[in-house]
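To start, the structure under review is shown below, and the notes come after it.
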Amino acid sequence: MSEQPESGHGQTAHPSTATYLVIAAILTVITVVEVGVFYVPAFQPILAPTLLVLSAVKFALVVMFYMHLKFDHSLFRAVFILPLLIAAAVIIALLFLFRVLGA
Amino acid sequence: MSHAATAHHTSTGLDNRKIAFWTFIGSECLLFGSLIATYLVYEGRSVAGPTTHEILNIPLTTISTFDLLMSSLAMVLALAAVHRGDKVWARVWLATTAGLGTIFLGFQVYEFQHFVHEGLGFTTNLFGSTFFTLTGFHGAHVLVGVLWLTTLLVRSFQGKLGPDKALNVEIAGLYWHFVDVVWIVIFTVVYLIQTTPLPTA
């Protein structure tokens, strides 16, 4: 996937329009697969992990390419990822605490 | 003062506005993390219906999800147009993004009205309380984003949104994409992963 470096202060080299369109197509396909998986009874035993993985891929694509975090300064990555990990930890901890998981 | 000139005068070499906005987005992760955790903890504990299986409309929400994903595409195309100094396409894509955001809000208003009509209000049960709180907060963020994009569109028509103001559009874009990624999570954990057991026939 191509990039077009642009700023001279080391912040951002944004992806090309073609890359944006490819990402949009991938996001669309993943969404279709998510909904398809939801309706297929055979997937019910592994529905949650499958959907979580697909959702994580969509999340990462938007953050990396549309929010340019893949190409931006590492400080932006740290400022975003640290709270994101804390939020994920809070969710998982509460799910165990209230016995939604591990009951 | 241009973005580049501003960036060189900071101790990090990065624009302070962008660092501040990423920090804000980090705090928003914690807000939505708490709301999602609360929903997941209480969603399956309602003592009375309606529950997820009875009321959530997956086909309708799939369309609104696609709508929001495409608004993110329009947003990055708007930013690229502003960087190029292409005023016409910048306006087209900004208007498209705001329009798709408005359509998403329309879907949400319809969904809320439908739920209330079906007997699910904010105080009906734990599912209703946590669902309306989570999706309502997200909807409010979308509304703020639409208003923000509209102001950028007005600035563009005033001739005040050239390449030197691209950072303003980039920051608005960061906000918009964050709203999009939050919905990606909500669509999965609220609509597709339904922890409430299926009602027995």
Side-chain angles (χ1 to χ4, degrees), chain A residues 4 6-12 14-17 20-21 23-24 27-28 31-32 34-35 37-39 47-48 51-52 54-56 58-60 62-63 65-69 72-73 75-95 97-101, chain B residues 3-8 12-15 18-19 21-23 25-34 36-38 40-45 58-59 61-62 65-66 69-70 72-73 75-77 79-80 83 166 170 173-174 176-178 180-182 184-185 187-189 191-195:
Chain A
Q4 47 187 37
E6 53 187 69
S7 60
H9 45 91
Q11 282 199 59
T12 313
H14 291 180
S16 66
T17 300
Y20 289 143
L21 293 173
I23 297 298
L27 291 171
T28 304
T31 303
V32 170
E34 281 179 322
V35 178
V37 163
F38 174 79
Y39 283 111
L47 183 65
L51 289 173
L52 287 174
L54 291 172
S55 175
K58 284 167 69 180
F59 187 102
V62 173
V63 170
F65 290 96
Y66 285 179
M67 296 174 86
H68 309 128
L69 212 55
D72 250 336
H73 196 277
L75 180 63
F76 299 134
R77 243 169 283 162
V79 163
F80 175 65
I81 290 174
L82 181 62
L84 184 66
L85 291 176
I86 294 172
V90 166
I91 292 173
I92 293 167
L94 283 172
L95 291 182
L97 189 65
F98 284 86
R99 299 184 185 279
V100 178
L101 291 177
Chain B
H3 174 196
T6 310
H8 285 301
T12 57
L14 304 171
D15 195 292
K18 200 166 164 182
I19 296 175
F21 204 79
W22 271 110
T23 307
I25 288 177
S27 73
E28 289 277 275
C29 285
L30 297 170
L31 168 69
F32 279 103
S34 305
I36 289 168
T38 307
L40 290 174
V41 165
Y42 287 121
E43 177 257 319
R45 296 177 186 230
I58 303 301
T61 316
T62 303
T65 300
F66 177 73
L69 286 173
M70 290 306 104
S72 264
L73 172 63
M75 186 70 238
V76 286
L77 294 178
L79 176 60
H83 272 301
E170 186 172 352
L174 288 177
W176 192 257
H177 298 310
F178 178 73
D180 185 19
V181 294
V182 168
I184 285 172
V185 177
F187 180 58
T188 299
V189 301
Y191 290 86
L192 297 180
I193 302 175
Q194 301 171 7
T195 58

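Below, read A as the first sequence line, B as the second, and so on, with proteins coming before strands; counting in each chain starts at 1.
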Note, [X] side chain near [Y] side chain (heavy atom, < 4.5 Å):
X       : Y       : result
D15(B)  : H73(A)  : no
E34(A)  : Y191(B) : no
F76(A)  : I25(B)  : no
L69(B)  : K58(A)  : yes
L52(A)  : V189(B) : yes
F178(B) : V62(A)  : no
F98(A)  : L40(B)  : no

Ignoring hydrogens, what is the shortest heavy-atom contact between C29(B) and A87(A)? Give both atom names and the distance.
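In this case the closest contact between C29(B) and A87(A) is O-CB, 3.5 Å.
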Got a second to check how far [X]'s [atom1] is from [Y]'s [atom2], nearest 0.5 Å?
X       : Y       : atom1 : atom2 : result
H177(B) : H68(A)  : NE2   : NE2   : 6.5 Å
D72(A)  : L174(B) : CG    : CG    : 8.0 Å
L94(A)  : I36(B)  : CG    : CD1   : 12.0 Å
S72(B)  : I23(A)  : OG    : CD1   : 11.5 Å
I91(A)  : F32(B)  : CD1   : CZ    : 11.5 Å
I184(B) : T31(A)  : CD1   : OG1   : 7.0 Å

Do you know which of V185(B), T62(B), I58(B) has the most heavy-atom pairs with chain A at a distance under 4.5 angstrom?
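Heavy-atom pair counts peak at I58(B).
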Taking every heavy-atom pair that is under 4.5 Å apart, which of V41(B), D180(B), L77(B) has the most such pairs with chain A?
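Counting heavy-atom pairs under 4.5 Å, the top option is V41(B).
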Max heavy-atom pair count under 4.5 Å with chain B, selected residue of Y66(A), Y20(A), Y39(A):
Y66(A)
Does a sphere of radius 6.0 Å around CZ in F59(A) hold more than 12 heavy atoms from other residues, nucleotides or ligands, not counting ones at 6.0 Å or beyond?
yes
Less than 4.5 Å to any heavy atom of chain A: does that hold for the side chain of [X], its backbone, both, or neither?
X      : value
M70(B) : side chain
F21(B) : neither
L79(B) : side chain

Which bit of [X] is near chain B, if near means a heavy-atom gap under 4.5 Å: side chain, backbone, both or neither?
X      : result
L75(A) : side chain
L97(A) : neither
S55(A) : both

